[in-house]
Protein chains: 2
Amino acid sequence: MKQIDPPDDAEPDNVQPEQAEPEQVQPEQVELTATAWTALGFIAVRPRSGYEIKQACAETVDAFWGVSYAQLYPQLKRLREAWFITGEESGGGRRQVVWHVTERGRRALDAWLVRPPAPPQLRDEALLKLQFVQSLSPAQALPLIRAKRREFEEWIARFTPEGPPSSPDEPADLLHSYALTMARAGLTWCDAVEKALDGAAGSR
Amino acid sequence: MKQIDPPDDAEPDNVQPEQAEPEQVQPEQVELTATAWTALGFIAVRPRSGYEIKQACAETVDAFWGVSYAQLYPQLKRLREAWFITGEESGGGRRQVVWHVTERGRRALDAWLVRPPAPPQLRDEALLKLQFVQSLSPAQALPLIRAKRREFEEWIARFTPEGPPSSPDEPADLLHSYALTMARAGLTWCDAVEKALDGAAGSR
DNA sequence: CCTCTCATGTAACTCGTTACATGATTTC
DNA sequence: GAAATCATGTAACGAGTTACATGAGAGG
């Protein structure tokens, strides 16, 4: 086991406990990407390796916040440099670095969580194309609607809680219920649009 | 009036009409960003200046596909270099360049419209934060739900068709109806979650 | 005269993606 | 012994954002 700590030029801050923290200056106000905060969030739940963080993201926030290794590993480095996490290279078996949150890291995470969230960003090529074909031809609009329908169906398949017992419909997980609500609304929209488009195609 | 055409090293292709197009080789397969196709789409409806394209985007696709000047102007240059548009610097009054679609540009746009759309990308910090606070405290979850609620309310205000007469509820515009459907579903979700959260807070 | 809107653009930067590189361990 | 999975990373590239720069005409 080898301790992985920030380089010497990084601010220590908790090495000497008798050195009191500056009162109003919050050391937590380090600028990080939301992806870095995400990693920190999962580490704060329990210590994890980069690989495990990626898995956790894939199972939970992937639909609203995609995370790739090429982003993740550099961000872990930044979190370490800010003394928000410390790494422990586990011996025995495969090589892996397990990251632990520090007290400082936990405080910083809490501070981030209560800051107002950035407005959501959406890029949807299918809807974009729909803008240009909607008034021209149902023939071209239909495949786009079908593409959206497939997306919604995949969401539903992915976020519907398994296990027939207990929960009849709505999951306790807020994000799952959000995804399901949106996907169902999307399907309703697809139904209505396809129906209208079929009508228009018939009369043409 | 001054004609603005591609530089000489760009492929002409329609200068000599007697030179037949290569049969299977489609000159339309130029790689462009969706933002460039968006500009081309609006130019194809009618000739416009960059400024007018930006306005059209803001009124229509902005929520699904944001476009900024810093992206737009370079993309117009690329469209011109591909001979998809030609520009006409209008004399008289303010300086402005009005872009016209070429035949070649129109064909390329049609080809793009029928290609399968890229999967949508979403980045929603509010939902991300919700992932980390949902199991811990309703006190921290509530502001995030309220932020989502405000978003949905803004969407509804923005996309609800004005003019009390005629249309009672659903607009003919597919994108407007999409936005409204999703926003309403979102509000329903906010209601349910806030209620559940209040209950949990009361029992705690 | 001042300010707002029209109008076009560039520079620097950030974030994220794809593709690549490497190697150990488990499973068939 | 071959393939899948675990596991960590880097390099090159691309798209998009913010901020900056410039200037003319319209309206008060």
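By convention in this document, chain letters (A, B, ...) are assigned in the order of the sequence lines, proteins followed by strands, and residues within each chain are numbered from 1.
Checking the phosphate oxygens (OP1, OP2) of C/dG16, a side-chain nitrogen or oxygen of A/Q71 falls inside 4.0 Å. Between A/S68 and C/dT18 there is no side-chain N or O to OP1 or OP2 distance below 4.0 Å.
Between B/I53 atom CD1 and C/dC6 atom C1' there is a gap of 15 Å when expressed in whole angstrom units. Nucleotide C/dG16 holds its P atom 11 Å from the CZ atom of A/R78, rounded to whole Å. Nucleotide C/dC6 holds its C1' atom 17 Å from the CZ atom of B/R48, rounded to whole Å. Look at CG on B/L32: it is 14 Å from C1' on D/dG14, rounded to the nearest Å. With rounding to whole Å, A/L72 atom CG is found 15 Å from C/dT18 atom P. Atom CD of B/E89 is separated from atom C1' of C/dA7 by 11 Å (rounded to the nearest Å). Summarising the geometry, the separation between CZ on B/R123 and C1' on D/dT17 is reported as 15 Å, rounded to the nearest angstrom. In this structure, A/K54 atom NZ and C/dG16 atom C1' are separated by 13 Å, rounded to whole Å.
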query: Which letters describe nucleotides 6-13 of chain D, given B = protein heavy atom under 4.0 Å from base, S = only from sugar-phosphate, - = neither?
result: BBBBBB--
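Counting heavy atoms from C-beta outward, A/I145 and A/W189 have side chains that approach closer than 4.5 Å. Residues A/Q55 and A/R48 are not in side-chain contact: their nearest non-hydrogen atoms beyond the backbone lie 4.5 Å or more apart.
The environment of CD in B/Q121 is sparse: at most 12 heavy-atom neighbours from other residues, nucleotides or ligands sit within 6.0 Å.
For the residue pair B/A179 and B/F64, the shortest heavy atom distance occurs at CB-CZ, 4.4 Å.
A donor-acceptor pair is defined here as one N or O able to donate and one able to accept, closer than 3.5 Å; such a pair exists between the side chain of A/R123 and the backbone of B/G66.
Residue contacts for A/T33: at a heavy-atom cut-off of 4.0 Å it reaches the sugar-phosphate backbone alone, with no base atom in range.
Between A/E125 and A/K129 there is a salt bridge, since a side-chain N of the basic residue sits under 4.0 Å from a carboxylate O of the acidic one. At a threshold of 4.0 Å, the pair A/E151-A/K148 counts as salt-bridged, since one of the basic side-chain nitrogens sits closer than that to a carboxylate oxygen.
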